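Remarks on the structure that follows.
Chain letters run A, B, ... following the sequence lines, proteins first, then strands; residues in each count from 1. All of these numbers come straight from a predicted model, not from anything done at the bench.
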Amino acid sequence: MSSDTPDYGFTGSTDGEDGEVLLSVQALKKYFDEGVSLLDRILGGGTNAVRAVDGVSFDVRRGETLGLVGESGCGKSTVGETILRLQEPTAGSVSFEGENLSNRDGLTEFRRNAQILFQDPFSSLDPRMPVGDSIRQPLDIHDWPWDGEGDETERKQQRVEQLMERVGLSADQLDRYPSEFSGGQLQRIGIARALALDPDFIVLDEPTSALDVSVQAQILNLLADLQSEFGLTYLFISHDLGVIRYICDRIVVMYLGEIVETAPAEQLFTDPQHPYTKALLESVPRVDLKERERDIDPLAGDVPSPRNPPSGCRFRTRCPEVIPPADLDIDQAAFRDIMDVRDRVADREIAVEKVRNTVTEEGGQDRPRVADRLYDRLVDNELPPEEREYVREGLQAVAAGDWDRAGEHLRERYESVCETDHPTGQVSCHLVE
Amino acid sequence: MAEPLLRVENLSTRFFTEEGQVNAVEGVSFEVEQGEVFGIVGESGSGKSVTALSLVDLVESPGRVTDGSVWFRKPDLAERIREDDPEAATEAVDGEMVDIRQLDENERRALRGTDFAMIFQDPTSSFNPSITVGTQIAEAVEVQRRAEANPRTLRSRTQGFGLMKFLTTSMVPTVDYVSEESRERAVELLDTVGIPDPAERATEYPYQFSGGMLQRAMIAQALASEPSVLVADEPTTALDVTIQAQILNTMADLQEEYGMTTVLITHNLGVIARMCDQVGVMYAGELVERGTLGDLFERPTHPYTKGLLGSSPSLEDATKRLQPIEGNVPSLLDEEMEDRCYFADRCPKAMEDCLQDPPEFDADGSQHHRAKCYLADHGYESALPEGYFDE
Ligand SMILES: Nc1ncnc2c1ncn2[C@@H]1O[C@H](COP(=O)(O)OP(=O)(O)O)[C@@H](O)[C@H]1O
Ligand code: SF4
Ligand code: SF4
Ligand SMILES: [Mg+2]
């Protein structure tokens, strides 16, 4: 590092294996209440707030890149923004360099020391402001330079020029407006701005997702170079597993507001433990000639609503390894079918009325026939005779309109540990304990 | 060898905007065999979507297909044109192939509605939010049935949403009545594309569908006309990877079952690898390289193809440093485009020759692997002076 850039601190990089904890997140929760009526709250019957982040804990070690990966809507960005207090947490705590941030005094210092870079380079810079001013803004807000030496305006100008050049642009372009730059260039400007106050920690929220792959590679390499040059610590949020693998030392996988697995990058990709992580990795198409022959068994269904997440393990409604009760001898596909029927009974999401009508139209009336018809519609796999009978009994209760009894009947025989107990641990799954 | 099902020749599409003429698609040529998937890959703004729209004749003002042919194998139509109008047939018919662009408006619409279907990245634009999904698919089935029963009564309607618009502007009797038969077929189609409990889902409105489910419903709607060519523009780009995997599996199954010929557009090389037999790489409106999947992945010739491969992070190996392509995607404004290889300002191998627009050469001596690059012709000679393209 050259001596004419005296303002950059250099802490040196650690491999992140068991380095010093820079930032620690404990039991962080963020619920969004919009759309929950007062009446809902008075009645108290489970306020249906969106539980965007629901009890998340992890450490970020100095000098590492910690990846936060998961599908859209699983709470990644909310974690990033809540850590930086761009959103107030509902519960839980964040500490930085050992200091709890709910203590207000620490917050200004933290805001200087922790920065964020967003996905959309076009909306994250003020379109009416020359980009040089945008980069200078944090210096003005935080009364840089803190040593008070030299001419302030001149030093700021120098600093802005240095930053612009360090991110691969020319100082000649500082007077230009955002509309005159490409997406990749704007992301470089965003990086320059984030670096202005010489932070230790940067949250990168999908920083390359809006960019084309050739430009994405430029930005990823730039971020990696800056990290080793300035000893930066990154929280890298992305849905793109290839990018995550390339840039991260350790990885946290999220599903529906919770962490399902935390592991060093190499280990996560070569030996994933959680059934969700496995499914996620399996579903990414490889840039490989043999990709066509690779058998993918994709996860069925969609992510449930964060307003009403499943009990126990949140992944249980889609998990291809959901655990049957010990005394039940049944194969996975059949048990998955039964669990799907149970979910639909619980949500009352079966069109009984319509089936009853068609049966009536055909001249029939009786419940067993409606139950048979429901069975055919809902169960794809061959169940053992005993289970077939038992499930059909449940569906007869559905046919009679008694959802509660149906639910209870099915629960009695098929209740899984995955729905009763919330798994915990580095890999939160009852199979890995 | 048999004729391909689709042969695109020198297709060019321009937009005449206030800023000037945009050369969105420039002399694009490729062939697709019956039952194969031809992938078009490239970065945003490279002209992929406009190519798709040009194929199905849906380019809207201020845009226009300005040049080229879209030959489609349709023996009965070729025969009919030869009989009805031998004069026109000399130009518009080639053996069993018919050049769609030379057909008259009515013929073109009929063909577009029955033989071609298109699916888009955003399924919400393909559905009317106030009509149930089942009814809308049933309408598409109905349209198809009536057209088959009575191919001459074509009437055009301009209102519509995405795919329905595509169908309705294609042919169409207004559908105010949907037969029970068509409704049943709609449920079958929903089942085919893997929607659980299709009879129930058919009675729901688009907003009740998740993104992935609506994407499936759009595929069902596209299948209603039993098309022989499906043009799919980034069909999984807006979806999460687990849902993308579901949809790609469904598309691959349908492909196998119906032997459908597909043009698949994507920016994702993984999707290309999973789905395609043949691939074209698009850059600045041109197909700069095309060939089999193996040609492109194992023997890439054009420096841009190599650049794309080198800049894609791999899931299998994190150790290789990414090799980005320096610089940015060029402007497609005609007045800013010079008459040279459009990639020259970013190309690490740019030479003197490259200051002239390269034609398409055979790569590796193979007629099916082609590249618009002088390297395919004579290899690397001497570099341009350093900083040649800097202002
Ligand atoms: N309606 C339009 N008016 C003007 N220019 C357009 C229009 N649609 C597309 N273009 C231009 O055509 C070029 C190719 O765009 P497109 O086919 O959408 O690229 P891709 O699908 O590869 O991202 C771009 O320069 C784009 O701005
Ligand atoms: S706890 Fe049960 S449902 Fe959850 S991931 Fe493990 S096996 Fe699957
Ligand atoms: S023609 Fe020349 S500039 Fe263009 S890609 Fe080939 S080598 Fe590079
Ligand atoms: Mg596009």
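- Using a 4.5 Å cut-off between heavy atoms, A:L289 contacts chain B through both its backbone and its side chain.
- Ring geometry, B:Y207 versus B:Y205: the interplanar angle falls under 30°, so the pair is classed parallel (tilted spans 30 to 60°).
- Salt-bridge annotation for A:D340 and A:R344: absent, with no side-chain N of the basic residue lying under 4.0 Å from a carboxylate O of the acidic one.
- A:R377 touches chain B through its side chain: at least one heavy atom from C-beta onward sits under 4.5 Å away, while N, CA, C and O do not.
- Most heavy-atom pairs under 4.5 Å with chain A, from the set B:G294, B:P198, B:G211, B:C276: that is B:C276.
- Within the 4.5 angstrom heavy-atom criterion, only side-chain atoms of A:S182, from C-beta onward, approach chain B.
- Contact count against chain B (heavy-atom pairs under 4.5 Å) is highest for A:S72 among A:G183, A:A224, A:G73, A:S72.
- Highest contact tally toward chain A, considering only B:L239, B:I325, B:V329, is held by B:I325 [criterion: heavy-atom pairs under 4.5 Å].
- Residues B:E36 and B:Q278 share a closest heavy-atom pair of OE1-CG, 3.6 Å.
- Using cut-offs of 30° and 60° on the angle between ring planes, the pair B:Y304 and B:F343 is perpendicular.
- When heavy atoms are compared at a cutoff of 4.5 Å, A:R318 approaches chain B solely by way of its side chain, counted from C-beta outward.
- Heavy-atom distances place no part of A:E293 under 4.5 Å from chain B, backbone and side chain included.
- Ranked by heavy-atom pairs under 4.5 Å with chain A, the first of B:T242, B:L269, B:V241 is B:T242.
- Aromatic ring orientation, A:Y255 versus A:F315: perpendicular (interplanar angle above 60°, classes split at 30° and 60°).
- Interface remark: A:N221 contributes backbone and side-chain atoms alike to the contact with chain B (heavy atom separation under 4.5 Å).
- For B:T203, the part lying near chain A is the side chain, with the backbone staying farther off; criterion is any non-hydrogen pair under 4.5 Å.
- With hydrogens and angles disregarded, a donor-acceptor distance shorter than 3.5 Å links the side chain of A:R314 to the backbone of A:L256.
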